[in-house]
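Some notes on the structure that comes next.
Sequence lines set the chain letters: A, B, ... in the order given, protein chains first and strands last, and positions in each chain run from 1. Side chains are part of it too, since the values below use all heavy atoms of this structure and drop only hydrogens, waters and symmetry mates. What you are looking at is a predicted structure, and each value in this text was computed from that prediction instead of being measured.
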Amino acid sequence: MSQHILTAVAWPYANGPRHIGHVSGFGVPSDMFSRYQRMVGNKVLMVSGTDEHGTPIQVQADKEGVSARELADRYNRVIVEDLQALGLSYDLFTRTTTDNHYAVVQEIFKGLYDNGYIFPKTTMGAISPSTARTLPDRYIEGTCPICHYDSARGDQCDNCGNQLDPIQLINPVSKINGETPIFVETEHFMLDLPAFAEVLGSWLQSKQGEWRPNVLKFALNLLGDLQPRAMSRDLDWGVPIPLEGWSDQPNKRLYVWFDAVIGYLSASIEWARRSGDPDAWRQWWQSPDARGYYFMGKDNIVFHAEIWPALLLGYNGQGSRDGKPGALGTLSLPSEVVSSEFLTMEGRKFSSSRQVVIYVRDFLARYDADALRYYIAVAGPESQDTDFTWSEFLNRNNGELVAAWGNLVNRSISMAAKNFGVIPEAGELTDADRAMLERSRAAFAKAGAEFEASRFKNATNEAFEVIREANRYLAEQEPWKIKDNPERVKSILHVALQVVDDAKTLLTPVLPSSSNKIYAMLGGTGVWSGMPEIQEVTEENGRSYPIITGSYEGAARWESTPIRPGTPLAPPTPLFTKLDPKIVEEELARLAG
RNA sequence: GGGGCGGUAGCUCAGCCGGUUAGAGCAGGGGACUCAUAAUCCCUGGGUCGCGGGUUCGAGUCCCGCCCGCCCUACCA
């Protein structure tokens, strides 16, 4: 039975290029999941985009002397190009600065407001006297009033760990320009999170045994101490507040996180409009059979397991104040929140400023996308922090991708091409032949269950066990030694090629572009697993921007497909590039400086 | 300070509800083979499962304490 699956992928923040840690946390895992789901016949809608509002972008833009929009435009394009180059199969990758996004965000805000879940509150905020801009707590530093540590942040003291209000700091200064902030009264809209405590609690309880325990535990733990949370900021770079007396205020905008999570919905709506059926998004958001999977790094759990569900519940009128659904109708909560851990770089945290980083762009300039995808699949931060090292990358690439998998493809096809020029027909099968074929067929159920559960390491390893078994099979059968028995050689190579074909299917979610190549090598026609493309689109207001989209209706199915004897075979060219061990030192030198 | 996660062979990691001699891949050592990007295959050495207690007939596997690393702590996405 075909199901509708929403793959909601965390939105990369557009204040700079993204590094391989980012894509290992959400991009590649969500793509492997989506490709697998499409192969089993489900209707996947995979959406994301760049997150472009908020203070960090404004601060970065000020530093560079450009407008926030110019900065966002620049990095939106860089990120779009990088994610496309990685082969991430978004149905739509858009951005948060579109008219559509603004409209959807404002609709959600109004729905929450009308249902009584958002209320105004006056608080004290810090502003910079020279720019008149609000300073977020993070950007204020001073002496801790409790332990007298001299570089406590406005929100918390790193030394004693106490949470602070920036107004308590002794000698507060702006981290941006060193001036002393002034504190003024300011009015903001608060989301009434406590009104959702009960319904969130029972919703989370119902996910017991279904979600990863770390995500669930974390979310349940937060329930105990829910406080109203500000959903607006004193800033001009953001979505205006859609209420009379507020919408025209140049310095009141919705909090960036409020608008960012709504992107999943707005992007779905934008995708539907572009597809020609403006209501098509409802099949993923309003059908009780549809499932929504959200992929992100662990730092985002609170927004996806707590705040986003609360926003949806409030919009639906399902919190303790009740209410009724807004104009879009009742919206579905996440089915699953899949959070990954963090990748570190040669034992250290990624840090752009300290050059402990490798950007996706730089990586792809020197290495193949599938090489990175493979590393992430098999050694990524799936259930715990993992360390990226260049020597591990070299080993994985040369020892596994090239030596085990690439070589199996190469030796099988090249023997068959050289001896017969076509895919040979099998004669009578031996026990060993049948065992080999059975082993590879059995892998579909096993690896499939692993992909379904987002356990990409296990899924990939299952495929590699088939590959190792196939190399062993060839070593034992020794077709090169029985040239006098061509019928037996045909059978052996037929079996080997069938297993190669199966393994390329098993690895399609992980290695789409090399699987496409193998598909073509074995005589496949048309598209096997679709690849994303960049399209330039123009808004009604005349602004144009790049999106990632694509048609992913390929031939790829999650099953063993019989190869067709007689199909012409050309001598193969290597699939993967073997790397010179010298790259390890070269890359380490780049890191250092 | 509070919460979460992790600490298993040289390296990267598997080890659901506790159950026979603790596993894989890579690296190391020895051998075989030559179809293949000197790839592949076979054999092999190697572990006080962070530390200390406890529960149990029996504990990497459960409980308590401690040490170390990482993440979050809600105005960093």
Determine the Euclidean distance between corresponding [atom1] atoms of [M] and [N]; express it in Å to zero decimal places.
N     : M     : atom1 : value
B/G50 : B/U56 : C1'   : 23 Å
B/A27 : B/C64 : C1'   : 39 Å
B/C43 : B/C5  : C1'   : 40 Å
B/A14 : B/A39 : P     : 28 Å
B/G6  : B/G15 : C1'   : 15 Å
B/C51 : B/C67 : P     : 15 Å
B/G1  : B/C75 : P     : 23 Å
B/U20 : B/U61 : P     : 14 Å

Exercise. Can you tell me which stems RNA chain B forms, taking runs of 3 or more consecutive Watson-Crick or G-U pairs with both distances under 3.5 Å?
Key: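 The stems that RNA chain B takes part in, listed by first number, are B:1-7 with B:67-73, B:10-13 with B:23-26, B:28-32 with B:40-44, B:50-54 with B:62-66.
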
Exercise. Just label B/G60 as syn or anti from its O4'-C1'-N9-C4 or O4'-C1'-N1-C2 angle, using within 90° of 0 for syn.
Key: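 Syn.
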
Do [X] and [Y] have side-chain N/O donor and acceptor atoms under 3.5 Å apart?
X        : Y        : value
A/Tyr75  : A/Gln60  : no
A/Asn458 : A/Glu462 : no
A/Asn471 : A/Arg411 : yes

Minimum-distance nucleotide (side-chain atoms of [X] versus [options]):
X        : options             : answer
A/Arg396 : B/U12, B/A36, B/C42 : B/U12
A/Glu400 : B/C5, B/U37, B/G25  : B/G25
A/Pro574 : B/C75, B/U40, B/U37 : B/U37
A/Lys457 : B/C13, B/U12, B/A36 : B/C13
A/Asp299 : B/C41, B/A74, B/C72 : B/C72
A/Thr386 : B/A39, B/C13, B/G25 : B/C13
A/Ser414 : B/C11, B/C35, B/C70 : B/C35
A/Phe576 : B/U37, B/C75, B/A39 : B/U37
A/Val402 : B/C72, B/U37, B/U40 : B/U37
A/Arg468 : B/G25, B/A36, B/C42 : B/G25

Quiz item: In Å, rounded to the nearest 0.5 Å, how long is the span from OH of A/Tyr13 to NE2 of A/His53?
Solution: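 Spacing of OH (A/Tyr13) from NE2 (A/His53) equals 9.0 Å.
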
Practice problem: With rounding to the nearest 0.5 Å, note down the distance linking CZ in A/Arg488 to CD1 in A/Ile482. | Solution: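 If we round to the nearest 0.5 Å, A/Arg488:CZ and A/Ile482:CD1 are 6.0 Å apart.
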
Quiz item: Aromatic rings A/His22 and A/His19: how do their planes relate, parallel, tilted or perpendicular, breaks at 30° and 60°?
Solution: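 Parallel: the ring planes of A/His22 and A/His19 meet at under 30°.
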
Quiz item: When the ring planes of A/Phe456 and A/Phe451 are compared, do they come out parallel, tilted or perpendicular, using 30° and 60° as the limits?
Solution: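 Taking A/Phe451 first and then A/Phe456, their aromatic rings sit tilted (interplane angle of 30° to 60°).
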
Please state how far atom [atom1] in [X] lies from atom [atom2] in [N], giving the value in whole angstrom units.
X        : N     : atom1 : atom2 : answer
A/Glu476 : B/U40 : CD    : P     : 16 Å
A/Glu341 : B/C13 : CD    : P     : 12 Å
A/Glu306 : B/C72 : CD    : C1'   : 13 Å
A/Trp480 : B/C41 : CH2   : C1'   : 8 Å
A/Lys578 : B/U37 : NZ    : P     : 11 Å
A/Lys298 : B/U73 : NZ    : C1'   : 14 Å
A/Leu579 : B/C26 : CG    : P     : 18 Å
A/Lys481 : B/C41 : NZ    : C1'   : 11 Å

Quiz item: Quick one: side-chain hydrogen bond (donor to acceptor under 3.5 Å, both in side chains) partners of A/Tyr90, sequence neighbours excluded?
Solution: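 Per chain and number, A/Tyr90 pairs via side-chain hydrogen bond (donor to acceptor under 3.5 Å, both in side chains) with no residue.
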
Exercise. Could you pull out all residues at least two apart from A/Thr97 that satisfy side-chain hydrogen bond (donor to acceptor under 3.5 Å, both in side chains)?
Key: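 So A/Thr97 forms a side-chain hydrogen bond (donor to acceptor under 3.5 Å, both in side chains) with A/Glu52, A/Arg95.
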
Could you tell me whether [X] contacts a base, only the sugar-phosphate backbone, or nothing, with contacts defined as non-hydrogen atoms closer than 4.0 Å?
X        : result
A/Ala260 : nothing
A/Ile413 : nothing
A/Arg455 : nothing
A/His53  : nothing

Quiz item: Hey, does the side chain of A/Arg229 come within less than 4.0 Å of B/C75's phosphate (OP1/OP2), counting only N and O?
Solution: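 A/Arg229 to B/C75 OP1/OP2: side-chain N or O found under 4.0 Å.
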
Quiz item: Is any side-chain nitrogen or oxygen of A/Arg472 closer than 4.0 Å to OP1 or OP2 of B/C41?
Solution: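 Negative; the distance criterion is not met.
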
Quiz prompt | Closest-nucleotide 5' rank along RNA chain B - winner of A/Leu222 and A/Val256 | solution =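 It is A/Leu222 whose nearest nucleotide is closer to the 5' end.
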
Practice problem: Take A/Glu392 and A/Leu408, find for each the nucleotide of RNA chain B with the closest heavy atom, and name the residue whose nucleotide sits nearer the 5' end. | Solution: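 Result: A/Glu392.
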
Practice problem: State, with a plain yes or no, whether a side-chain heavy atom of A/Gln227 is found less than 4.5 Å away from one of A/Leu193. | Solution: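 They are not in contact (no side-chain heavy atoms under 4.5 Å apart), so the answer is no.
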
